[in-house]
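Numbering of ligands and ligand atoms starts at 1, following listing order.
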Amino acid sequence: MIPYPRADERSRMVEHQIRSRGITNPRVLEAMRNIPRHFFIPAPYDKSAYEDAPLPIGNGQTISQPYIVALMTELLDPYPEDRVLEIGAGSGYQAAILSMLVQHVTTIERIPAVAELARKNLEKLGLKDIDIIVGDGTRGYPEHAPFDGIIITAATPEIPQPLIDQLTVGGILVAPVGGREIQELITLSRNESGIVRSSHGGVRFVPLIGEYGWEET
Ligand code: SAM
């Protein structure tokens with residue numbers, strides 16, 4: 001991949017915010033080093049693109065903190081042949097990171113203007129191999145199911161059953177589960193005998209709005 005500008009800032013981000021907090025998967029670290037987060041940040045926040053924080057992307061939505069993107073990606077444990085579904089395209093940054101690691105990414109975004117932003121941002125990197133779908137991701141995407149990995153990047157009261165149903169045996173789902181303000185990062189791993197659920201600490205995400213998520217206020 002062509003080295004994008006601000007590589008030094010990304011290296012520092014990876015060392016001081018990500019590796020130092022225990023992320024070890026070399027493919028995840030490499031993707032975080034390669035993908036230029038500043039391509040996904042609105043101009044007024046450009047200087048803050050590599051800071052240890054989520055940032056506004058418009059329409060009341062956010063791009064997640066780099067460490068949380070890395071942590072959720074590592075928990076997904078992606079393999080090159082995997083097909084991954086993301087719910088909550090937002091800026092497109094998480095989808096870009098995933099596309100460095102797996103065969104195919106489908107990402108669903110509920111707000112059409114935000115989906116368009118993701119499309120434009122991903123186009124800047126020439127990443128065309130990502131399907132961006134406008135719709136309610138709480139229903140999943142049965143047309144392309146099942147998925148080896150599902151990542152929900154918005155806060156859900158419970159993991160939507162349609163998403164659990166669209167996970168392969170051997171698949172992993174990662175999601176912030178809990179209240180509208182504060183959640184726990186949860187993984188569900190599906191194996192032959194059922195589902196194993198684990199918790200990975202506290203997080204804060206904007207709400208997942210939809211049929212199997214929160215109601216719009
Ligand atoms: N992954 C994004 C990124 O890399 O920039 C950040 C996601 S942002 C924290 C959460 C996104 O989920 C918002 O863009 C929001 O509009 C979207 N969202 C909320 N409910 C949704 C739903 N039911 N289906 C699809 N997207 C949804």
Visitor: Starting from atom 12 (O) of ligand 1, which protein heavy atom do you reach first, and at what distance in Å?
Guide: Gly88 CA, 3.2 Å
Visitor: Is the side chain of Tyr4 donor-acceptor paired with the backbone N or O of Arg37 at a distance under 3.5 Å, no angle test?
Guide: no
Visitor: Are a donor atom and an acceptor atom from the side chains of Gln183 and Thr156 found within less than 3.5 Å of each other?
Guide: no
Visitor: Output the list of atoms in ligand 1 that are nearer than 4.0 Å to some heavy atom of Gly137, sorted by atom number.
Guide: 22 (C), 23 (N), 24 (N), 25 (C)
Visitor: What do the steps show when you test Ser199 against Glu184 for side-chain hydrogen bond (donor to acceptor under 3.5 Å, both in side chains), and what is the final call?
Guide: CA-CA 7 Å; Ser199 173; Glu184 242 179 296; 2.3 Å; yes
Visitor: Considering heavy atoms of the protein only, find what lies nearest to atom 23 (N) of ligand 1 and give residue, atom and distance to 0.1 Å.
Guide: Ile209 O, 2.7 Å
Visitor: Quick check on contacts: which atoms of ligand 1 are under 4.0 angstrom from a heavy atom of Ile108?
Guide: 25 (C), 26 (N)
Visitor: Give the residue and atom name of whichever protein heavy atom lies nearest to atom 10 (C) of ligand 1, and the separation in Å to one decimal.
Guide: Thr153 O, 3.2 Å
Visitor: For atom 17 (C) of ligand 1, find the nearest protein heavy atom and state the residue, atom name and distance (0.1 Å precision).
Guide: Glu109 OE1, 3.4 Å
Visitor: Under a heavy-atom criterion of less than 4.0 Å, does Ala89 contact ligand 1?
Guide: yes
Visitor: Can you list the steps and then say if Arg83 with Asp131 is a salt bridge (Lys or Arg N to Asp or Glu O under 4.0 Å)?
Guide: CA-CA 11 Å; Arg83 298 168 66 253; Asp131 288 331; over 6 Å; no
Visitor: Any atoms of ligand 1 less than 4.0 Å from a non-hydrogen atom of Thr62? List them with their elements.
Guide: 6 (C), 7 (C), 8 (S), 9 (C)
